[in-house]
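Throughout, protein chains are lettered first and strands after them, A, B, ... in sequence-line order, and every chain is numbered starting at 1. Note that these values count all heavy atoms, side chains included, but never hydrogens, waters or copies made by symmetry. Not measured: the values here are computed from a predicted model.
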Amino acid sequence: MSDSTPKRCQDFRELLELALRDPDAELEPLAWHEHLRSCPKCQALLEEEKALEQLLATLPAPELPDTLVGKVLARLREERPKSDLDALLELDQLQRPEGLTGRVLDELELDRALALLSELPAPRGLSGRVLESLESQRRALEAPVLRLRRVAPLAASLLALLGLGLYALSGDEAAEPPVAVEPVDERPSEEMLAVLDLLGDESLWGADPYAASEVDIALSLDESDELLLEYLAMTEEDD
Amino acid sequence: MSETHSDKQDYGGDPGVRWMLAYQAGDESAFDKIVEEYSSMVWSLLTRFLGHRAVREDLVQDAFMRVVRARERYEPSARFSTWLYRIVYNLAVNETQRRRSLVSLDQPFGGEEDPSSLGELQVSESEEPSAELEREDVVSAVRLAIDSLPENQRMALILAKYHDTPYAEIAVVLDSSEKAIKSLVHRARENLREQLAPFLQRERGGAA
């Protein structure tokens, strides 16, 4: 539509274009448009467009051949990259030869199948969904254990804190924690044994402690020890 | 690309989009539904654009193979039919160019089953052909006239006229604007009126 086209013609042709664009619209009512009474050009255009619509409507709708969808699907299945899982599933459809050769081939097929299974990537499609479902079930089963694992250390810590709190609040001697008694593996020195013997602790070191200790004392006691012995001797005499 | 087709639009109600997303998620049967539902549409568009050529079956196959290949990267940014029209348009244009490179440029570029040129189908005033033959001539003339349109005009007209596609969606198919599509369709109709002038006159005369 050129700029020189009168405004009324432009308006009419805009209406015509809108009617042609709308698949449900009809051109016939436009024939009664007031503008056409005074504009043979627009009238001729409308007639041509109506005739063109009729011509375009003569083209029959292309009919889809009955077998095309089946052909397309079959060819697409052939050309679609075959997954290892598909290859595995096809093993069931193989015709197995009989006899020794057949059994050998069976073994080879089984080996191949096992190798495929070990190398099978995460499959897409149905098998992928099955695996996802199994995984979600596994997670559901593991969930209580995981929760226990997470909760147990926290509970133990809380109990320990509670125990310490109670101990701090009680102030009762009976509640004092027992003092650990460390066993002494180290045997007392000969000098110490001699002193203990002199002290007469028979309950600890057995009977007749004096028989051997005199020699020991003579060999090892220093001056201070001798003074102690003298003191002890005097005390003994006093008793 | 038309701005009227915002990527933010929700196409969840479009069955084609739903099937494609299901197929993308791993549902192989959704792809079968796509083929069953849209084969007819693809076939019609190819037939109207290319004429009755044997290659159409291969192109239908190729169109759906492209759907398969687009499985991973598909995003619903338009109606599924619009997305598929775009695939078909690209395939059809490739086929046209391939064929053009094989056929001499001065030969008429008709369908394989439509070897006649429009010039041979001019309306004869003197003869009184049977209604059937007359109708066949009209159909052939209309086909040839559509075939002679430039590719973008042809696709715009076919989608608008025979597939009831809104201009905004045609704009997505042709990677253009709605305004440009309005202009394309207008020029396509002008070209058709010019080429089919004798038939239009008879049509008007018959209607009068």
S.K.: Check whether Phe49(B) forms a cation-pi arrangement with Arg154(B) (NZ or CZ under 6.0 Å from the six-membered ring centre, at most 45° off the ring normal).
M.R.: yes
S.K.: Salt bridge check, Lys33(B) against Glu28(B): does any charged N sit closer than 4.0 Å to a carboxylate O?
M.R.: no
S.K.: May I ask you to name which of Glu48(A), Glu47(A), Arg21(A), Glu17(A) has the most heavy-atom pairs under 4.5 Å with chain B?
M.R.: Arg21(A)
S.K.: Is there a donor in the side chain of Thr58(A) and an acceptor in the side chain of Arg135(B), or the other way round, less than 3.5 Å apart?
M.R.: no
S.K.: Mind ranking Asp22(A), Leu20(A), Val72(A), Leu59(A) by heavy-atom pairs under 4.5 Å with chain B and telling me who comes out on top?
M.R.: Leu59(A)
S.K.: Who among Arg48(B), Glu57(B), Lys161(B), Gln61(B) has the most heavy-atom pairs with chain A under 4.5 Å?
M.R.: Gln61(B)
S.K.: So, do Trp83(B) and Tyr74(B) have ring centers that fall under 6.0 Å from each other?
M.R.: yes
S.K.: Do you know which of Ser44(B), Ser29(B), Ala197(B), Pro166(B) has the most heavy-atom pairs under 4.5 Å to chain A?
M.R.: Ser44(B)
S.K.: Start with the C-alpha gap between Glu14(A) and Lys182(B), add the side-chain angles, then the distance that decides, and say whether salt bridge (Lys or Arg N to Asp or Glu O under 4.0 Å) holds.
M.R.: CA-CA 11 Å; Glu14(A) 199 63 35; Lys182(B) 180 180 170 184; 2.8 Å; yes
S.K.: Sort Leu45(A) into side chain, backbone, both or neither according to what part of it lies under 4.5 angstrom from a heavy atom of chain B.
M.R.: side chain
S.K.: Which atoms of Leu56(A) come close to chain B, meaning under 4.5 Å heavy atom to heavy atom: side chain ones, backbone ones, both, or neither?
M.R.: both
S.K.: Please classify the contact of Glu49(A) with chain B as side chain, backbone, both or neither, using a heavy-atom distance under 4.5 Å.
M.R.: both
S.K.: Mind checking the OG-CD1 spacing from Ser39(B) to Ile34(B)? Nearest 0.5 Å is all I need.
M.R.: 10.5 Å
S.K.: If I measure from the heavy atoms of chain A, does Leu45(B) come under 4.5 Å with its side chain, its backbone, both, or neither?
M.R.: neither
